[in-house]
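Being a predicted model, the structure only gives us computed values, none of them experimental. To find a chain, count down the sequence lines: A is the first, B the second, and so on, and within it residues start at 1.
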Amino acid sequence: MPVHVLSEGAGPGAQVPKHLSCVSIALISTSTNFSDKTVKGKVLRKCPLVSSASGDFILKIIIQEEVSPPDASPQNPSINVILFGAIAKDFDGAVNQGDVVVAAGFTVGKSPTVQKDKLHPFNLLLRGDSACIYVSPPPPPVSRSSPAAKRISSLSAEVSRKTKVPKYTYVGLGDLTAGSVVNVYGVVVFFKQPFKTRGTDFCSSLKITDQSNEKISCSIFCEKLEDHPKIYQIGDIVRLHRVKVQLFNSSMTLVKTFGFSVMAFDGAVGGSMEPRTSSRSFSFDQEDRKRVEELRSWASDQSLLPPSPTMPLCDVQPKAYFDLTCQLLAKAPIDSTCTLLRVWDGTRSAHTLLKVIVEPDATEGPSSFPPERERLIANILAYDNHVEYARQLKPGEFLRIYNLRAIPGSSKVPGLTSSQKELDHLAFHLHGGNAFGRGIRVLPEDCPDVQEMKRVMEACPEDDEDDFSALNDSELMEIWSTPPESIEPSLLRAQIPESARGEDAETSESINTDCSSSTERRCDHDTHSVSLSEVKRSGPAGVHHVRVQLKSYEPQKLHQSLKLYCSKCSTLQEVPDDEMLAGLFSEASRDSGPFSPPDWAVSGQVDVPGNPPGSKTRTLGVHLSTEFMYKQLLFLMGSSLEETCVLSSGYQNIVPVRSSGGQLTLLHPSAPFLFRGTRTYYGCERCSEAAVREPVCAGGGRILDEKIIAEALGVVPLRFVLLMKLELRDVSDSLHVFLWRSAEEFFGVSAEDAAANQEAQDIISQSMDSLCPAGGSTAERPWMDLCLTKYQSVDDDGLNQICYQISHSTFTRPSAPPNPTVSASQR
DNA sequence: GATTAGGCTTTG
């Protein structure tokens, strides 16, 4: 049996063989032989057991080295351990999170997920007869449970020694006398996270209250952050020991004095009684418990507590100040006074969130996410004093950010694309200073608000990029301007040196000495790279990792790779060209019969400046919704395509309309239903039931966006997508694959941006130039590590065909020099 | 056994 459960202590049962020596996780690498070594660690995470159709099993766990003292820092090395086959299944039944395990007989492999999980660059692999793993449950009396249980056990130890512990007396906040040193309880009505003072300490500023209704300010000065009160929100309860009462500005205030200590508690009735404290020993008895409960219950009846400014992203309105509970996904310095924090809370704002473009190299954490996730990400700009604090944050951490400002539109933010500056994106700023409690706090994972947020995050729809069945390959072929040529195997072979003509991965890797890659896989699959010929020979569906070069791609004109996709009927269509659109506008402007404008609209006229300047100015008919302010929404009649574009720089939303059958109707099903700055929006001809209706915005001040307008007009909007066909090669074979569902992730650019701005288009063309430079031989092109999904679809004749798509892979730009062609380092 | 700050009507 490769899995042994060790007994507690030195009793009978399996023991780790004495001849094996334990090696630190930090020392794991592929350059050492580990056959007589073990690795020991505590199980931080156990992933679900994966079983394959063929009856095989895979289990992944993450273990962390345990060091003494027991309050190990989170920097202790953690490593992925992957178990294959029977050991995976047996171990799954024998281990729990928190157990300590000793692995032996493992091999070491490169971790494909190191960029993503930031864990150890290598994985431990356990498979076959030599693999062995020993499990020890955590020692008693602390059962395998939460840290809370440990606390309570140390706490009861404290209680049992209570004869030695001085009995504390607490003074009500209404009975303070200046000059005395007291112990108090209170409910927090205002707080500032610890901030650096001009002296030697950090200062926490609190205002607390109790049944006396007095509101007392407290100043806590401590050099170490961990000694400060751990306050998460208004309503939390604090217990302060040894604070001095001082009269300041004719009010009583409390200031920390020698022997000071603090505990904080959740303020919710029925909430956790676990005190937040850094003290290793503390007193806490039934009377304390009673006081906390009394304050909770008193505060719950009080309307005097200020309302909590905490809200999820979906509830944030422009201009609001609010507190946000979130998870940090990535961060990047913008300049010396500003840091970008990319966060999410699992909810989606009705407003478009500001995107900030930063160099992928400058980003800590992933530099891009699948589009579904990108839409949930709020970009926060933290200024001045918060930059220093933000530097210490790690992606993955749970945060509460206090007094964030939601700013509609945007301002002079470095890194914004020009088109973004015009639109009504929501930007989030954490202004400098600590007024209004501005600041950031890392929340522990077991905090109830974090638990609640994680439930919301888990309910988020998974990225739909793996759903390849919605659109079959023949549809992709149909819209393809140049059908792919078939490959003559003999031609292909002629290009490959005789010595290098291998059919397996080993051969392929043996001649590929360049280990750099222009792409990065972002998937979780634990699978080795295989050759393209193996991919072709494999079953009809599956995921494969390959190391390949780009032989060719289509379309060469990159604008042709932009398509319009309807998520409702899963159809893909070409973006209409300007000539065709100009024709639609011109045709509509010619036959404008009599019609009665809708009663909600005010009719008027708008002047379109002539081109060239000085030439005749044209006057066009417009209809404005009375609901919306001037410039917000304009129904425009009789304009040319060019005039519409000119006007869209001055009006936020332009809906081109015409008269038809005495009614105001949209211009044409194929024409954009909306012009917004440099962006145009199209609707699905098949799914839309368009009519000119007035948008209704619930709540004052809500900013019109394309979604609200599309909904009002009965239009099912089409989404811009990118679609390319790449021909990949390695020494074994070549293969045509699509870059489609993952194209935005691959380039780190949204298709919508690519349709609207040159910068985004440049990123795509530079990426392709780098992978497939003009001239030079194919052999010199950069290598790419890709994840390929192989799948089956049915063509129009009902025949199965095999298709491939690139998934979970991103292009990584050559760092220096910033030359779009392939750099020497990649040869 | 000094010193820090002493919320606040914010705005890149």
Which is true for Phe191(A) with a 4.0 Å heavy-atom rule: it touches a base, it touches only sugar-phosphate, or it touches nothing? nothing

Mind checking if Gly432(A) touches a base, just sugar-phosphate, or nothing, with heavy atoms under 4.0 Å?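 Base contact - Gly432(A) has a heavy atom under 4.0 Å of at least one base atom.
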
Let me know the distance between [atom1] of [X] and [atom2] of [N], rounded to the nearest Å.
X	N	atom1	atom2	answer
Gln193(A)	dC8(B)	CD	P	16 Å
Ile234(A)	dC8(B)	CD1	P	15 Å
Leu404(A)	dG12(B)	CG	P	14 Å
Lys244(A)	dT4(B)	NZ	P	12 Å

Quick test of your reading of the model: are Arg679(A) and Asp753(A) salt-bridged, counting only N-O distances below 4.0 Å?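 Here Arg679(A) pairs with Asp753(A) in a salt bridge, since their nearest N and O are under 4.0 Å apart.
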
Cationic N near anionic O, under 4.0 Å, Asp236(A) to Lys230(A): no

Suppose we screen for ring pair (Phe, Tyr, Trp, His ring centres under 6.0 Å). Which residues come up paired with Phe369(A), at least two apart in sequence or across chains? none

With sequence neighbours left out, what residues match Phe265(A) under ring pair (Phe, Tyr, Trp, His ring centres under 6.0 Å)?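 By the ring pair (Phe, Tyr, Trp, His ring centres under 6.0 Å) rule, Phe265(A) matches Phe284(A).
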
What residues, two or more places apart in sequence or in another chain, satisfy side-chain hydrogen bond (donor to acceptor under 3.5 Å, both in side chains) together with Tyr389(A)?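 Result, side-chain hydrogen bond (donor to acceptor under 3.5 Å, both in side chains) vs Tyr389(A): none returned.
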
Tell me which residues in residues 169-187 of chain A lie within less than 4.0 Å of DNA chain B, going by non-hydrogen atoms.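 Within residues 169-187 of chain A, no residue comes under 4.0 Å of DNA chain B.
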
Which residues in residues 194-224 of chain A have at least one heavy atom lying under 4.0 Å from any atom of DNA chain B? Phe195(A), Thr197(A), Arg198(A), Gly199(A), Thr200(A), Asp201(A), Lys207(A), Ser219(A), Phe221(A)

Using atom types as modelled, flag every donor-acceptor pair under 3.5 Å from a side chain in residues 188-204 of chain A to any protein atom, sequence neighbours excluded.
from: Lys192(A); atom 1: NZ; to: Asn434(A); atom 2: OD1; distance (Å): 3.1
from: Gln193(A); atom 1: OE1; to: Arg441(A); atom 2: NE; distance (Å): 2.9
from: Gln193(A); atom 1: OE1; to: Arg441(A); atom 2: NH2; distance (Å): 3.3
from: Gln193(A); atom 1: NE2; to: Ile231(A); atom 2: O; distance (Å): 3.2
from: Gln193(A); atom 1: NE2; to: Tyr402(A); atom 2: OH; distance (Å): 3.3
from: Thr197(A); atom 1: OG1; to: Gly199(A); atom 2: N; distance (Å): 3.0
from: Thr197(A); atom 1: OG1; to: Asp201(A); atom 2: O; distance (Å): 2.7
from: Ser204(A); atom 1: OG; to: His228(A); atom 2: ND1; distance (Å): 2.6

If you go through the side-chain atoms of [X], does one of them form a donor-acceptor pair with the base of [N] closer than 3.5 Å?
X	N	value
Asn434(A)	dG7(B)	no
His431(A)	dG12(B)	yes
Arg405(A)	dT10(B)	no

Ring-on-base stacking between Phe436(A) and dC8(B), under 5.5 Å between centres and under 30° between planes: is it there? no

In chain order, what residues pass the side chain to side chain contact (heavy atoms under 4.5 Å, CB included) check against Glu359(A), with sequence neighbours excluded?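 Per chain and number, Glu359(A) pairs via side chain to side chain contact (heavy atoms under 4.5 Å, CB included) with Ala362(A).
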
Taking only distance into account, with no hydrogens and no angle test, what donor-acceptor pairs under 3.5 Å do side-chain atoms of residues 213-227 of chain A form with protein atoms, sequence neighbours excluded?
from: Asp227(A); atom 1: OD1; to: Ser278(A); atom 2: OG; distance (Å): 3.4

Among residues two or more places apart or on two chains, list those pairs meeting salt bridge (charged side-chain N to carboxylate O under 4.0 Å, His left out) that have a residue in residues 322-334 of chain A.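 Pairs touching residues 322-334 of chain A that pass the test: Lys331(A)-Glu364(A).
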
